[in-house]
A.B. asks: 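Next up is a structure, given as structure tokens.
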Amino acid sequence: DAGITQSPRHKVTETGTPVTLRCHQTENHRYMYWYRQDPGHGLRLIHYSYGVKDTDKGEVSDGYSVSRSKTEDFLLTLESATSSQTSVYFCAISRPDRAYEQYFGPGTRLTVT
Amino acid sequence: AQSVTQPDIHITVSEGASLELRCNYSYGATPYLFWYVQSPGQGLQLLLKYFSGDTLVQGIKGFEAEFKRSQSSFNLRKPSVHWSDAAEYFCAVGFSGNTPLVFGKGTRLSVIA
């Protein structure tokens, strides 16, 4: 258990509304990641962060933005939610002290209607 | 581009039978290799990893995996499957340090009596 929490755990929202998902970690890890999971696609990287205010895009970053103003929090924002963003979103941290194992949060199930 | 292939979408095995889940990757050098398991409605749990040394690695829950450089493979095995092993299994590859993982699309394992 790497002390990762995600909020909310479930959310239903309407098309066109902004949504922010929060990932919080308690162990001061530098690297954090946002993935989405869809049937038949596995997990795909949305954005990641290698420190406060340092972020980069992943494979499926269109329509998403992130912010990291504190080490412990990594926020994912859907600027204007679309039905194609209905998914399960996972946050992860990387542990360099354990050969870069990634540990995942419990996930947020987002439904865009 | 780097990629991970899990050729089997769904496998069904009888309880007590042996199991092998396949994973192949595409990359020029030796990557960090991981297997994760996801039970329905749950997050991802790390089963085992390889980054150097002995090519046969042991993990939790009685699983093991063997890295074969010549075949670019990292197959997961278990000698005797239990009903509680029914889940989805993901192979993942990291190409250096804290770079984000690239996941395969997953293999769903069903266990029958």
Side-chain angles (χ1 to χ4, degrees), chain A residues 1-7 9-10 23 25 29-51 54-61 64 66 71 74 76 87-109, chain B residues 1-10 21-25 29-54 57-60 65 67 74 87-108:
Chain A
D1 184 359
I4 305 170
T5 58
Q6 294 185 232
S7 58
R9 294 292 315 280
H10 302 272
C23 177
Q25 53 132 338
H29 296 293
R30 182 179 169 193
Y31 288 81
M32 299 183 74
Y33 311 84
W34 276 108
Y35 295 90
R36 61 178 286 176
Q37 183 180 25
D38 304 288
H41 290 277
L43 279 81
R44 293 178 292 174
L45 180 72
I46 306 172
H47 282 278
Y48 64 105
S49 170
Y50 38 96
D54 287 326
T55 64
D56 208 346
K57 295 180 179 180
E59 175 189 359
V60 291
S61 61
Y64 301 94
V66 290
T71 299
F74 191 29
L76 176 71
S87 187
V88 181
Y89 292 85
F90 287 99
C91 172
I93 60 92
S94 175
R95 292 194 56 170
D97 61 322
R98 301 193 69 171
Y100 306 105
E101 295 174 2
Q102 287 195 13
Y103 292 88
F104 287 79
T108 294
R109 182 174 295 276
Chain B
Q2 301 95 343
S3 65
V4 179
T5 301
Q6 293 181 246
D8 304 305
I9 296 173
H10 182 208
L21 302 182
R22 296 182 290 164
C23 173
N24 294 93
Y25 65 90
T30 300
Y32 297 80
L33 296 159
F34 305 86
W35 275 99
Y36 287 86
V37 60
Q38 184 181 35
S39 298
Q42 303 297 311
L44 279 79
Q45 181 181 22
L46 180 66
L47 282 175
L48 48 76
K49 68 176 186 289
Y50 171 83
F51 62 97
S52 68
D54 192 345
V57 294
Q58 303 296 320
I60 62 171
F67 169 58
F74 188 55
E88 189 147 23
Y89 292 80
F90 294 94
C91 180
V93 176
F95 297 101
S96 66
N98 285 295
T99 57
L101 297 182
V102 176
F103 283 82
K105 295 184 178 181
T107 297
R108 183 162 62 90

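Order of the sequence lines fixes the chain letters, A, B, ..., with proteins taken first and strands second; residue numbering starts at 1 for each chain. Basis for what follows: all heavy atoms, side chains included, without hydrogens, waters or symmetry-related copies.
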A.B. asks: Once salt bridge (charged side-chain N to carboxylate O under 4.0 Å, His left out) is applied, do any residues pair with A:Asp97, and if so which ones, sequence neighbours excluded?
C.D. replies: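 A:Asp97 satisfies salt bridge (charged side-chain N to carboxylate O under 4.0 Å, His left out) with A:Arg95 once adjacent residues are dropped.
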A.B. asks: Under the salt bridge (Lys or Arg N to Asp or Glu O under 4.0 Å) definition, can you give me all pairs with a residue in residues 37-53 of chain B, not counting sequence neighbours?
C.D. replies: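 Pairs touching residues 37-53 of chain B that pass the test: A:Glu101-B:Lys49.
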A.B. asks: Taking B:Gln38, B:Gln45, B:Glu88, B:Gln42 one by one, which has the highest count of heavy-atom pairs under 4.5 Å against chain A?
C.D. replies: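 Most heavy-atom pairs under 4.5 Å with chain A: B:Gln38.
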A.B. asks: Which bit of A:Glu59 is near chain B, if near means a heavy-atom gap under 4.5 Å: side chain, backbone, both or neither?
C.D. replies: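 A:Glu59 has no heavy atom closer than 4.5 Å to chain B.
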A.B. asks: Enumerate donor-acceptor pairs with a distance under 3.5 Å from any side-chain N or O in residues 100-107 of chain B to protein atoms, sequence neighbours excluded.
C.D. replies:
{"residue": "B:Thr107", "atom": "OG1", "partner": "B:Gln6", "partner atom": "NE2", "Å": "3.4"}
{"residue": "B:Thr107", "atom": "OG1", "partner": "B:Asp8", "partner atom": "O", "Å": "2.6"}

A.B. asks: Enumerate by number any residue of residues 43-50 of chain A whose heavy atoms lie under 4.5 Å from heavy atoms of chain B; in the absence of such residues, state 'none'.
C.D. replies: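 Within residues 43-50 of chain A, the residues under 4.5 Å from chain B are A:Leu43, A:Leu45, A:Tyr48.
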A.B. asks: Within a 6.0 Å radius of atom CD1 on B:Ile9, are there more than 12 heavy atoms belonging to other residues, nucleotides or ligands?
C.D. replies: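 It does not: B:Ile9 CD1 has 12 such atoms or fewer within range.
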A.B. asks: Answer with side chain, backbone, both or neither: which region of B:Leu44 has an atom nearer than 4.5 Å to a non-hydrogen atom of chain A?
C.D. replies: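 Interface part for B:Leu44: both.
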